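Right, one structure below, let's go through it.
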Amino acid sequence: MALDFAAGCIGGAAGVLVGHPFDTVKVRLQVQSVDKPLYRGTIHCFQSIIRQESLLGLYKGIGSPMMGLAFINAIVFGVQGNAMRRLAQDTPLNQFLAGASAGAIQCVICCPMELAKTRMQMQGTGEKKKTARKLYKNSLDCLVRIYRKEGFRGINRGMVTTVMRETPAFGLYFLVYDTLTRRLGCEPEDSYMIPKLLFAGGMSGIVSWLSTYPVDVIKSRLQADGVGGVHRYSGIADCVRQSWEREGWRCFTRGLVSTLLRAFPVNAATFATVTLFLMYMRDQQGAECEMPPPPQAIQQQQQQQQQQQVHTNSL
């Protein structure tokens, strides 16, 4: 469990550093006004943020995901691993169920974290760096201010949509990764193991995002609602209705290109880092360490060790 926690933190940090600029662009595109859009598309949004807010503008709100990184990865990898042990059999359905349970539980940390991230990313939109007005000093200050103004309910704005997004997405996330590592034969002695792990991790991220992206659009709009003191939506259904009436079905794909561009490198870096770290620590310590989910070779080794233990106990 300790190794899973450490591996998750390291892998998650690598993913955040690689993908946060894409996430900032995604949020800006998702919540911008349809009547007076600031950005024409993904590339124009990148260029505008760098020109108006400097390169650091792409990393606005990074403190929030970094701050919650340890807790989220501990929950995700810990719950997924424990769920697989309780389910006993390693089947595709169990992989999905274990991942879905991990996704649902980590929303407790994920929702407030993403609320602060979204508010920080929207801060100073379109303003020159020197003249930008800062309402929040950092992600923690953002959450404190929201709590003082709106209470516990305020810092959990968007919780329902977060659960709706994370539960099936994480189920597919772990299922696709497990399936691809098995099919590709990701074994330690394979000279192409790292490229295979990167591909499996990247594709699992793309599939999980495609499965629930419209829900993410609604979540972002609800969490950004109220910035500047103006509230437009009374709830999830009202947000869906207004978005559909004003923009049509295309509103539910806003920022999708940026998200997919981010999804592959982020999840490739995350899963590959976690896998390689656990493999390295396993070799160094000579101890059993379970991955969520591990490549086929490592999983077979774990099953063999469990069978040997059962045989020993029976004697």
Side-chain angles (χ1 to χ4, degrees), residues 4 7-27 29-30 42-43 45-46 58-59 62 65-66 69 72-73 76-77 80-81 92 95-96 98-100 102-103 106 110 114 117 165-188 190-217 253 255-280 291-299:
D4 288 342
C9 290
I10 295 172
V16 170
L17 289 173
V18 169
H20 193 77
F22 294 98
D23 188 69
T24 299
V25 171
K26 179 203 73 170
V27 171
L29 290 172
Q30 284 179 337
T42 301
I43 296 177
C45 186
F46 265 110
L58 293 171
Y59 284 91
I62 195 173
M66 284 294 187
L69 187 63
I72 286 179
N73 281 277
V76 168
F77 290 103
Q80 200 274 345
Q95 285 288 350
F96 178 85
Q106 60 92 40
C110 177
E114 292 204 352
K117 173 183 68 66
R165 182 194 70 178
E166 299 290 81
T167 302
F170 267 93
L172 288 172
Y173 187 55
F174 283 101
L175 171 61
V176 172
Y177 182 74
D178 179 71
T179 301
L180 287 177
T181 52
R182 289 174 180 274
R183 293 292 180 88
L184 294 172
C186 297
E187 301 179 357
D190 188 351
S191 58
Y192 295 101
M193 184 186 70
I194 293 180
K196 289 179 179 179
L197 291 176
L198 291 171
F199 176 77
M203 291 306 299
S204 67
I206 287 178
V207 171
S208 66
W209 271 108
L210 284 173
S211 66
T212 58
Y213 190 77
V215 181
D216 184 66
V217 174
T253 63
L256 180 59
V257 174
S258 173
T259 300
L260 297 182
L261 287 174
R262 168 183 176 268
F264 191 93
V266 166
N267 293 287
T270 299
F271 257 131
T273 301
V274 169
T275 301
L276 294 174
F277 176 82
L278 289 174
M279 290 176 63
Y280 173 78
M291 265 182 17
Q296 185 179 9
I298 298 179
Q299 198 163 21

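Side chains are part of it too, since the values below use all heavy atoms of this structure and drop only hydrogens, waters and symmetry mates. Every value quoted in this text rests on a predicted model; they were computed, and no experiment measured them.
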Nearest 0.5 Å, please: how far is [atom2] in [Y] from [atom1] in [X]?
| X | Y | atom1 | atom2 | value |
| --- | --- | --- | --- | --- |
| Leu198 | Thr270 | CG | OG1 | 10.5 Å |
| Leu184 | Leu197 | CG | CG | 9.0 Å |
| Met203 | Thr179 | CE | OG1 | 12.0 Å |
| Arg183 | Leu180 | CZ | CG | 8.5 Å |
| Leu260 | Trp209 | CG | CH2 | 9.5 Å |
| Ser208 | Leu172 | OG | CG | 7.5 Å |

Mutual orientation of the aromatic rings belonging to His20 and Tyr59 [parallel < 30°, tilted 30-60°, perpendicular > 60°]: parallel

Glu166 to Gly103 - nearest heavy-atom pair and separation: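 So the two residues come closest at CB-O, 3.5 Å.
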
Residue pair Asp216, Gln30: steps toward the side chain to side chain contact (heavy atoms under 4.5 Å, CB included) verdict: CA-CA 9 Å; Asp216 184 66; Gln30 284 179 337; 3.0 Å; yes

Non-hydrogen side-chain atoms of Met193 and Thr275 separated by less than 4.5 Å: no

Verdict with supporting geometry, Phe170 and Gln106, side chain to side chain contact (heavy atoms under 4.5 Å, CB included): CA-CA 10 Å; Phe170 267 93; Gln106 60 92 40; 3.7 Å; yes

Leu210 atom CG, neighbour heavy-atom count above 12 within 6.0 Å: yes

Short side-chain donor-acceptor distance under 3.5 Å, Asn267 and Tyr173: yes

Any pair counted as side chain to side chain donor-acceptor pair (under 3.5 Å), so long as it reaches residues 191-205, sequence neighbours left out: Asp190-Lys196

For Phe46, ring-ring contact (aromatic ring centres under 6.0 Å, His included) partners two or more places apart: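 Once residues adjacent in sequence are excluded, the partners of Phe46 under the ring-ring contact (aromatic ring centres under 6.0 Å, His included) criterion are Phe22.
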
Side chain Arg262, main chain Gly19, donor-acceptor under 3.5 Å: yes

CA sep, side-chain torsions, deciding dist, call: Leu256, Val217, side chain to side chain contact (heavy atoms under 4.5 Å, CB included): CA-CA 9 Å; Leu256 180 59; Val217 174; over 6 Å; no

